[in-house]
Amino acid sequence: MASLARTILEEHLERGELVPGQEIALRVDQALAQDATGTMAMMQFELFGEDRVRVETAVVYVDHNILQIDFKNPDDHRFLQAMAAKYGAWFSRPGNGICHYVHCERFAKPGQTLVGADSHTTQSGSCAMIAIGAGGLDVAVCMAGHPFELPCPKIVGVFLENELARPWIQAKDVILELLRRRGVRGGRGCIFEFTGPGVHTLSYTERGTIANMIAELGATGAVFPADDETRSWLEEQERLEDFVELPTGDTGDFDEEEHIDLAELVPLLAKPSSPGNVVPVDELVGTAIQQVCIGSSVNSSYHDLALCGAVMRGQRLSEGLVSATATPGSRQILDQITRSGTYVDLLMAGVRMLEPACGPCVGMGQAPPSGANSLRTFNRNFPGRSGTADDQVYLCSPAVAAVSMLKGVISDPRELDPPELPERPPARPEVVQKHILEPAPEGEAGSIEIPRGPNIKPPPEQKPLPDVLAGRVLIVAPDDISTGDLSPDGATVMAYRSNVPAIAEFTFQHRDKDFAKRAHEWGGGFIVAGDNYGQGSSREHAALAPAQLGVRAVIAKSFARIHRRNLIAQGIVPLLFNDGADYDRAELGQKWEIHDLHAIAEGEDELQVEIEGAPAFTVTHDFLPREREIVVAGGLIRYLKEQQPAGV
Ligand code: MIC
């Protein structure tokens with residue numbers, strides 16, 4: 001019997017064999033995009049000339065760029081609303097909630113595949129589906145009816161034993177434990193399938209927390225069983241008909257195994273500034289904090305907020321804090337916490353109540369003071385992501401956040417008596433569903449005009465790849481460069497997501513503010529980097545922006561999954577050092593030449609890099625068969641155009 005993950009992969013396999021590392025293509029049932037990645041994705045979809053999306057379900061959410069400080073973001077929202085109506089996608093209005101959360105509520109279906117233009121699309125794995133984050137162009141290609149290509153993942157069976165010592169030990173501690181063991185590179189090329197007796201003790205939203213943050217391990221996805229808990233979740237969402245029985249348990253065909261005793265876990269935190277920097281709470285107790293933020297897609301469930309509300313009931317935020325915020329994951333959660341009294345408990349305690357959206361998690365307001373410690377229940381703490389360049393963000397569970405908020409220092413919740421939780425009011429799905437707009441009927445869709453504001457610029461045209469690339473080294477970057485380093489988070493920069501020439505000016509802004517200027521002066525060049533280049537988000541702007549500045553190759557020790565593919569799709573060649581020691585020879589401004597790039601399509605695996613005034617060295621790559629052709633074509637759009645001249 002095959003594992004659940006393999007069963008779903010098998011049922012969706014359009015090309016290839018399920019052998020880890022080999023190229024496969026999967027039929028896609030569902031696609032999602034959000035406003036920060038969606039404008040570019042939808043404009044790329046337009047290039048395919050399709051009248052309607054060609055997946056069973058496509059949803060466009062507005063949840064990221066929701067600060068409307070000028071015309072740019074609302075212009076994007078208006079554009080997306082019209083695009084969704086015209087091309088057959090559902091449109092989730094701003095205020096409905098965070099895409100991952102709302103998707104789990106309203107669309108996730110056991111046994112299906114979902115590809116989404118957001119790295120935390122993995123959250124829907126909580127509903128026994130294969131849910132994968134991808135760049136906007138890859139999602140557009142799926143929406144146009146093509147299968148999703150990826151290297152076949154390994155399946156890691158995660159066996160859970162016993163039960164969490166609730167309320168103080170939470171699902172966040174499970175995923176932080178995996179990050180403590182494996183680090184931010186430890187899940188690359190893997191789908192984590194959760195199984196064992198302990199898995200059935202986890203609530204649906206606890207599973208969502210774990211599936212969401214599996215992205216922080218660099219993983220392809222996470223999958224949870226379709227069991228009684230899934231059935232009750234779907235029943236409460238008035239979608240019981242979406243439930244299907246699927247195989248589960250130890251099927252003996254996992255490529256690797258992890259074993260976690262839930263009863264043994266302790267509260268864990270990720271220190272600044274990496275989700276992989278995990279330590280037990282004991283090591284940090286007493287650390288001063290100036291801000292606490294509860295929420296983000298990973299920890300904004302009813303229970304997450306209810307626990308915080310119960311801890312804070314009748315209390316006041318510590319005076320040491322500059323601010324504290326709470327964000328519900330969706331309008332349904334907002335409705336539930338309003339009815340349970342949690343909203344008032346938090347409000348009266350001095351917590352600032354934010355609307356259901358990504359908010360401070362992606363630097364949309366609520367930046368912490370300079371150099372201050374900010375404690376957040378979020379999924380990422382890459383440097384500068386909060387909006388403050390020298391931020392010190394710690395990631396933790398809602399339990400740790402609530403107790404620390406009370407005390408003004410990082411605290412161990414186990415020192416407090418568990419509070420009495422309010423009764424959970426039943427969910428009311430119509431609260432959100434009413435504001436998810438249906439696409440226009442096919443007959444009417446053709447006449448819908450698409451309004452394009454002045455900041456909405458078409459995707460840059462892809463250019464052919466020269467056989468020889470010559471240029472200077474623009475930066476020698478360290479390990480674990482995040483896509484936030486490449487294309488920063490926050491209200492100012494993200495407002496340019498629909499305008500590649502404008503957003504390109506911010507490339508590497510937090511690390512090297514002269515990068516864009518240098519790239520202009522030198523007419524492009526090479527990026528040299530260490531391991532795990534491009535970790536974190538799915539934003540293809542982290543590839544589009546350097547491409548706009550004339551970068552045609554990145555030479556690194558290794559790449560993060562989504563970003564590697566975005567580079568290929570957007571016409572930048574991701575090359576690997578054959579010998580990692582050659583990284584140390586790279587210097588800013590050195591003149592490099594790479595020859596015979598076109599030979600990659602003919603099967604060449606090694607290329608020579610000549611350095612002016614120094615010995616040459618070799619680089620290699622890990623392209624899948626079709627990727628060799630995409631790279632040489634100069635990007636995915638050019639490749640598809642060559643394949644189907646009439647289509648794209
Ligand atoms: C993130 O959490 O990093 C984001 C912001 O949701 C990104 C998407 C984006 O940059 O628009 C992601 O996870 O892919």
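We count ligands from 1, going down the list as the structure has it; atoms in each ligand are counted the same way.
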Contacts of type ring-ring contact (aromatic ring centres under 6.0 Å, His included), residue Phe148, not counting sequence neighbours
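Result, ring-ring contact (aromatic ring centres under 6.0 Å, His included) vs Phe148: none returned.
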
Determine whether the side chains of Tyr61 and His100 contain a donor N or O and an acceptor N or O closer than 3.5 Å.
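Looking only at side-chain atoms, His100 and Tyr61 do not form any donor-acceptor pair under 3.5 Å.
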
Quick one: do the Ser558 and Arg188 side chains pair a donor with an acceptor below 3.5 Å?
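There is such a pair between these side chains.
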
Qualifying residues under ring-ring contact (aromatic ring centres under 6.0 Å, His included), relative to Tyr394, sequence neighbours excluded:
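Result, ring-ring contact (aromatic ring centres under 6.0 Å, His included) vs Tyr394: none returned.
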
With a 4.0 Å heavy-atom cut-off, what residues sit around ligand 1?
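Within the 4.0 Å shell of ligand 1, which is judged on heavy atoms, sit Gln34, Ala36, Thr37, His64, Asp118, Ser119, His120, Val362, Arg380, Arg385, Arg497, Ser537, Ser538, Arg539.
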
Is it the case that Lys72 places NZ or CZ above or below the six-membered ring of Tyr496, under 6.0 angstrom from the centre and within 45 degrees of the axis?
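That pair qualifies as a cation-pi contact.
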
Restricting to pairs with a member in residues 489-498, which pass salt bridge (Lys or Arg N to Asp or Glu O under 4.0 Å), not counting sequence neighbours?
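Only Arg385-Asp489, Asp489-Arg539 qualify under salt bridge (Lys or Arg N to Asp or Glu O under 4.0 Å).
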
